[in-house]
Amino acid sequence: MVPRRLRVDGFDGSAPVAIPGVPAPVRGRGRANDLADVLEIALARTGLRLGYDLLMGLSGLAFRTPPDPFDARIGREDAIAALDGLGAALEPAPELRDARGLGSDAILNLVAAAVDDGLPCAALGWGSVKDRWSIICGYDRRRERLLGHCLLDEPREQYESWPPNPELLIMMPAAPRPRSAEALTAVVRAAASAWQVEGAGHWLAWQRAVRELGGAPPAGHVAAVELLADARAAAAGFLEALAERLEPIPAAWLRNAAERYRALVEALEAGAAPRGPETLMLLEAPEPRAAWADALARATAFDEAAARDLRLSLEATWLPEDAQRP
């Protein structure tokens with residue numbers, strides 16, 4: 001049995017304390033959303049092993065459209081929305097803390113209390129990769145340091161040690177459990193409304209930004225496209241898993257929505273998609289830029305159709321093959 005925490009030596013509060021064996025978030029594993037990746041790792045230590053697609057779906061991150069097509073940072077607004085979504089699906093849910101005004105002693109005390117209970121924390125603005133989410137696994141009071149993993153290029157067991165200066169902290173509950181099956185209906189309803197609340201406007205902003213480019217888009221566009229494709233691929237996986245638990249008619253509509261999301265991902269990953277500095281430079285020319293904007297328009301249509309299927313999974317009394325297909 002893995003110990004919940006490890007004191008390096010001594011029991012007087014002066015020695016470093018860490019939860020052993022917490023894995024690091026690693027780039028390039030088909031998990032572009034670093035917040036979801038870190039939350040999955042942290043929640044697993046509470047005994048709740050959700051899996052990436054399920055966590056992306058329950059949190060709503062699978063259905064969000066980044067507002068800025070040139071920035072893939074998962075920031076405060078994303079975290080608030082994700083924890084609101086998890087609050088509808090899990091009881092109790094992780095808790096977001098704004099750490100900017102707390103001071104190092106208060107942050108150390110928060111982390112120490114969690115680690116002493118065997119619970120990692122998620123942090124933004126900490127460590128060697130401050131624009132991505134990290135996982136905090138320990139503390140060192142004598143040196144005033146937190147221990148943990150930032151987003152890495154390859155797995156590593158050794159924890160980093162940095163001052164307690166995160167921008168945001170997410171605290172894990174001791175024993176979260178899924179709410180009742182009815183809570184899943186709320187998740188689907190929220191996913192459907194995401195299109196009305198933000199999706200339509202954000203998709204139009206993406207198309208307009210690409211069509212109006214005066215040169216090559218910023219390098220962040222490649223990461224933003226990857227984040228969006230990753231989200232909808234996770235949405236498809238989440239809906240297919242959820243459909244296995246439902247009656248035939250709502251299950252069929254959820255599978256229909258999953259098909260739309262997979263088609264959306266294919267549209268984003270088509271030949272027109274920017275994949276690096278060279279293809280970003282190609283978008284300076286009118287024809288490649290128009291082709292990419294058209295691909296975004298196709299993806300927009302698939303997203304809208306998927307949202308409609310999600311609504312019908314809650315309302316329809318007929319199967320998709322009996323309906324007028326868009």
Quiz item: Excluding sequence neighbours, so at least two apart, what forms side-chain hydrogen bond (donor to acceptor under 3.5 Å, both in side chains) with Q207?
Solution: T300

Exercise. Starting from the C-alpha separation in whole Å, work towards a yes-or-no answer on salt bridge (charged side-chain N to carboxylate O under 4.0 Å, His left out) for D294 and R289.
Key: CA-CA 9 Å; D294 289 344; R289 189 163 63 243; over 6 Å; no

Self-check item: Side chain W206, main chain A293, donor-acceptor under 3.5 Å
Solution: no

Exercise. Indicate the atoms forming the closest heavy-atom contact of R49 with A44, along with that distance.
Key: NH1-CB, 3.7 Å

Quiz item: Which distance, rounded to the nearest 0.5 Å, do you find between the CD of E95 and the CG of L110?
Solution: 8.5 Å

Quiz item: Which residues pass the side-chain hydrogen bond (donor to acceptor under 3.5 Å, both in side chains) test with D303, sequence neighbours left out?
Solution: W203, R232

Quiz prompt | Heavy-atom side-chain proximity of L184 to L58 below 4.5 angstrom | solution = yes

Practice problem: Sort and list the pairs that fulfil salt bridge (Lys or Arg N to Asp or Glu O under 4.0 Å) and have at least one residue in residues 163-180, not counting sequence neighbours. | Solution: R73-E167, E91-R179

Self-check item: Donor-acceptor pair, side chain of D116 and main chain of A113, under 3.5 angstrom
Solution: no

Quiz prompt | Listed once per pair and sorted, the side-chain hydrogen bond (donor to acceptor under 3.5 Å, both in side chains) pairs that draw on residues 98-111, sequence neighbours left out | solution = R76-D98, D98-R100, N109-R141

Self-check item: side chain to side chain contact (heavy atoms under 4.5 Å, CB included) against A81, all qualifying residues, sequence neighbours excluded
Solution: R64

Quiz item: So, for L310 and A257, which heavy atoms are closest and what is the spacing to 0.1 Å?
Solution: CD2-CB, 4.0 Å

Pairs of donor and acceptor atoms involving the side chains of residues 272-284, under 3.5 Å and at least two apart or interchain, shall be tabulated with distances.
unit_1, atom_1, unit_2, atom_2, d
R275, NH1, A273, O, 3.3
R275, NH2, E269, O, 2.5
R275, NH2, A270, O, 3.2
T279, OG1, R275, N, 2.7
T279, OG1, G276, N, 3.0
T279, OG1, G276, O, 3.0

Self-check item: Test applied, salt bridge (Lys or Arg N to Asp or Glu O under 4.0 Å); reference residue, R31; option that passes from D53, D37, D230
Solution: D37

Quiz item: Which ring pair (Phe, Tyr, Trp, His ring centres under 6.0 Å) pairs, counting each pair once, include a residue from residues 67-101, with sequence neighbours left out?
Solution: F70-H221

Quiz item: Quick one: does D309's side chain get under 4.5 Å of R260's, heavy atoms only?
Solution: yes

Self-check item: Any side-chain heavy-atom pair of I170 and L35 under 4.5 Å
Solution: yes

Quiz prompt | Closest non-hydrogen atom pair, A224 against P69 | solution = CB-O, 3.3 Å

Self-check item: Exercise: identify the closest heavy-atom pair between I74 and D34
Solution: CG1-OD1, 3.6 Å

Quiz item: Taking all atoms of both residues into account, what is the closest heavy-atom pair of W195 and A307, and its distance?
Solution: CB-CB, 3.6 Å

Quiz item: Which side-chain hydrogen bond (donor to acceptor under 3.5 Å, both in side chains) pairs, counting each pair once, include a residue from residues 153-164, with sequence neighbours left out?
Solution: R27-D153, S128-E160, R143-S161, R156-E160, E160-W162

Practice problem: Name all residues meeting the side-chain hydrogen bond (donor to acceptor under 3.5 Å, both in side chains) criterion together with R132; count only those two or more places apart in sequence or in a different chain, and write none if there are none. | Solution: none

Self-check item: Remaining members of the apolar cluster that contains V129, side-chain heavy atoms under 4.5 Å
Solution: none

Practice problem: Identify the two heavy atoms, one from A36 and one from L61, that lie closest to each other, and give their separation to 0.1 Å. | Solution: CB-CD1, 4.1 Å

Practice problem: Evaluate the side-chain proximity of L146 to L108: yes if any heavy-atom separation is below 4.5 Å, no if none is. | Solution: yes

Quiz item: Hey, are the side chains of M171 and P94 touching, using non-hydrogen atoms and a 4.5 Å cut-off?
Solution: no

Quiz prompt | Test item: I135 and P25 side chains (from C-beta on) under 4.5 Å apart, heavy atoms | solution = yes

Quiz item: Residues in side-chain hydrogen bond (donor to acceptor under 3.5 Å, both in side chains) with R208, at least two apart?
Solution: none

Exercise. Check whether any side-chain N or O of W133 sits under 3.5 Å from a backbone N or O of L151 as a donor-acceptor pair, and report yes or no.
Key: no

Could you go through residues 233-242 and list every donor-acceptor pair under 3.5 Å that involves a side-chain atom there, pairing it with any protein atom two or more places apart or in another chain?
unit_1, atom_1, unit_2, atom_2, d
E240, OE1, R262, NH2, 2.8
E240, OE2, R262, NE, 3.3
E240, OE2, R262, NH2, 3.4

Quiz item: Side chains of L86 and L55: does their closest heavy-atom pair fall under 4.5 Å?
Solution: yes

Self-check item: Derivation of the side-chain contact (heavy atoms from CB on, under 4.5 Å) call for D117 and M172
Solution: CA-CA 10 Å; D117 286 337; M172 297 300 115; over 6 Å; no

